[in-house]
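Position 1 is the first residue of the sequence; numbering continues from there.
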Amino acid sequence: MNDGPITDDSAWDAVLRRDRAFDGRFVTGVLSTGIYCRPSCAARHPARANVRFFASGEEARAAGLRACKRCRPDDVARDEAAVHAAIDAIRSGKDPSLAALGALTGYSPTHFQRVFKRAIGLSPAAYQRALRQERAGDALAASASVTDAVYAAGYSGPSRFYEETKGRLGMAPSAWAKGGEGVTIHWAVVPTSMGDMLVAATDKGVCRLSFNEDEGELRRRFPRAELVEGGADFAKLLEQVVAAVETPGDCAHIPLDVKGTAFQEACWRALREIPAGETRTYAQIAAAAGNPQAVRAAGSANARNNVAVLIPCHRVIRTGGELGGYAYGPDIKRELLRREADG
């Protein structure tokens, strides 16, 4: 965590984003109600004139404020310790149950699931699945036997492995294999309020969404595919994509056809789990993908995202709260985050 100074302006920006990366670094005192909250508190935002920032709950209490019963700001340190303990238990390879994790951390299973998902972006069970899939990818690369790799990754058997991995974002190699050989890709460039947008899709789902690109860029990525502009079925999908971009929010219903390494796909799943209007740090995405130490790899996975907005890499910021980079420029990233926060 970046421990640099936090100004009132940057603190207020974090509150408006409900940025969990700042939980524990300061509390928000609401003078009109007499309470103090985490920066990520889900309650309605107070008027800026009624807000004062404190370095800790202790300082806020000394000023006569009491802790918010909704976000429980004084539990931040305990929550963090509980999440780290759970991650250690899960990474041990024993696949502890939710009840066991609750007993380990001193929380009820239901409450701990909320705490874990709030911190990581995935439930403990989803985190376990992502970790197994990452281990399976590593084991498959190192083993000549699929069966040996399946058991080495922690699956109870091949049937469990195939059941869990058939729903991965990668779906099938399709357009990502051999430059799209044998695949038909429908595409269009449409104007949006954030500039011209390229949308391309196979019969499985959207395989490219980008800003200020044209057919030439699509052909460079898929030199062996048959590129077809427009199409009736594609028009319906295109309408959904444009709506999701103009009014960012829940777009989980839009099918995707993307392909990456097991870790990259785990990162992309974690990105899709971030609620609209919220952000995560690269460290949080790495943890959600099953490897808390792979922060740089999480950044690389973000950069290799071929489907902007639908896999919302714009929701990832630097640990210190800075906006960070974006393939299509900071203005588009800032505007997407603003629309989501206002929505």
Can we call the ring centroids of Phe116 and Tyr127 under 6.0 Å apart? yes

Does CZ belonging to Arg296 count more than 12 external heavy atoms closer than 6.0 Å? no

Charged N to carboxylate O under 4.0 angstrom, Glu58 versus Arg61? no

With the threshold set at 4.0 Å, does a side-chain nitrogen-carboxylate oxygen contact exist between Glu335 and Arg338? yes

Atom pair CG/CG of Asp342 and Leu16 - distance to nearest 0.5 Å: 9.0 Å

Working note: Arg208 + Trp187, criterion side chain to side chain contact (heavy atoms under 4.5 Å, CB included); need CA distance, chi angles, decisive distance, verdict. CA-CA 9 Å; Arg208 181 70 178 168; Trp187 67 277; over 6 Å; no

Any sub-3.5 Å donor-acceptor pair from Asn306's side-chain atoms to Arg304's backbone N or O? yes

I'd like to check the ring pair (Phe, Tyr, Trp, His ring centres under 6.0 Å) partners of Tyr326; sequence neighbours left out, ordered by chain and number. Tyr328

Ring pair (Phe, Tyr, Trp, His ring centres under 6.0 Å) partners for Phe234, two or more places apart: none

All side chain to side chain donor-acceptor pair (under 3.5 Å) counterparts of Glu246, not counting sequence neighbours: Ser193, Arg339

Please confirm whether the backbone N or O of Leu310 pairs with a side-chain atom of Arg272, one donor and one acceptor, at under 3.5 Å? yes

Minimum heavy-atom distance Pro312-Leu271, with the two atoms named: CG-O, 3.2 Å

Do the side chains of Glu322 and Ser10 get nearer than 4.5 Å, heavy atoms only? no

Can you give me the closest heavy-atom contact between Ala289 and Phe263, atom names plus distance? CB-CE1, 3.5 Å

Answer with yes or no whether the hydrophobic clustering places Ile332 together with Val245; edges join I, L, V, M, F, W, Y residues whose side-chain heavy atoms lie under 4.5 Å apart. yes

Under 3.5 Å donor-acceptor, Asn305 side chain and Ile311 backbone: yes

Tell me, yes or no, whether the heavy-atom count around Glu239 atom CD, taken from other residues, nucleotides or ligands under 6.0 Å, exceeds 12. no

Which class fits the ring pair Phe53 and Phe26: parallel under 30°, tilted 30 to 60°, perpendicular over 60°? perpendicular

Residue pair Val307 / Val258: nearest heavy atoms and the distance that separates them: CG2-CG1, 3.4 Å

Ile285 side chain reached by Asn302 side chain, heavy atoms, under 4.5 Å: no

In sequence, state the C-alpha distance, the side-chain angles, and the governing distance for Glu213 and Leu218, and then conclude on side chain to side chain contact (heavy atoms under 4.5 Å, CB included). CA-CA 8 Å; Glu213 290 184 349; Leu218 190 63; over 6 Å; no

Are the side chain of Asp23 and the backbone of Ser40 linked by a donor-acceptor contact shorter than 3.5 Å? yes

Give the minimum heavy-atom separation between Asp19 and Arg17, together with the two atoms involved. OD2-NH2, 3.0 Å

Between OG1 of Thr279 and CZ of Arg18, what distance do you get to the nearest 0.5 Å? 11.5 Å

Are the side chain of Gln113 and the backbone of Thr110 linked by a donor-acceptor contact shorter than 3.5 Å? no

Under the side chain to side chain contact (heavy atoms under 4.5 Å, CB included) criterion, do Asp331 and Arg334 qualify, and how do the steps go? CA-CA 5 Å; Asp331 290 343; Arg334 189 177 294 109; 3.2 Å; yes

Nearest heavy-atom approach of Ala42 to Arg70 is CB-NH2, 3.8 Å

Heavy-atom distance under 4.5 Å between the side chains of Ile185 and Cys207, does that happen here? yes

Please determine whether side chain to side chain contact (heavy atoms under 4.5 Å, CB included) holds for the pair Val309 and Met197, giving the CA-CA distance in whole Å, both sets of side-chain angles, and the decisive distance to 0.1 Å. CA-CA 11 Å; Val309 185; Met197 180 176 71; over 6 Å; no

Using the rule that two of Ile, Leu, Val, Met, Phe, Trp, Tyr join whenever any of their side-chain heavy atoms come within less than 4.5 Å, decide whether Leu209 and Val228 are in one cluster. no

Should Arg38 and Asp75 count as side-chain neighbours, where that means a heavy-atom distance under 4.5 Å? yes

Answer yes or no: is there a side-chain heavy-atom contact under 4.5 Å between Phe112 and Leu104? no

Output for pair (Cys41 SG, Tyr36 OH), nearest 0.5 Å, gives 12.5 Å

Minimum heavy-atom distance between Asp196 and Pro191, given as atom pair plus value: OD1-CA, 3.7 Å

Taking Thr105 for the side chain and Leu101 for the main chain, is one N or O donor matched with an acceptor at less than 3.5 Å? yes

Non-hydrogen side-chain atoms of Leu65 and Ile35 separated by less than 4.5 Å: no

Determine, step by step, whether Glu226 and Thr184 satisfy the side-chain hydrogen bond (donor to acceptor under 3.5 Å, both in side chains) criterion, reporting the C-alpha distance in whole Å, the side-chain angles of both residues, the deciding distance to 0.1 Å, and the verdict. CA-CA 5 Å; Glu226 179 186 3; Thr184 299; 3.2 Å; yes

Without swapping roles, check the side chain of Glu278 against the backbone of Arg315 for a donor-acceptor pair under 3.5 Å. no

State, with a plain yes or no, whether a side-chain heavy atom of Trp12 is found less than 4.5 Å away from one of Asp9. no

Under 4.0 Å between a side-chain nitrogen and a carboxylate oxygen: does that hold for Arg269 and Glu273? no

Within the side chain of His186, is there an N or O that forms a donor-acceptor pair under 3.5 Å with the backbone of Gly230? yes

Is Lys333 reaching over with its side chain to a backbone N or O of Cys313, donor-acceptor style, under 3.5 angstrom? no

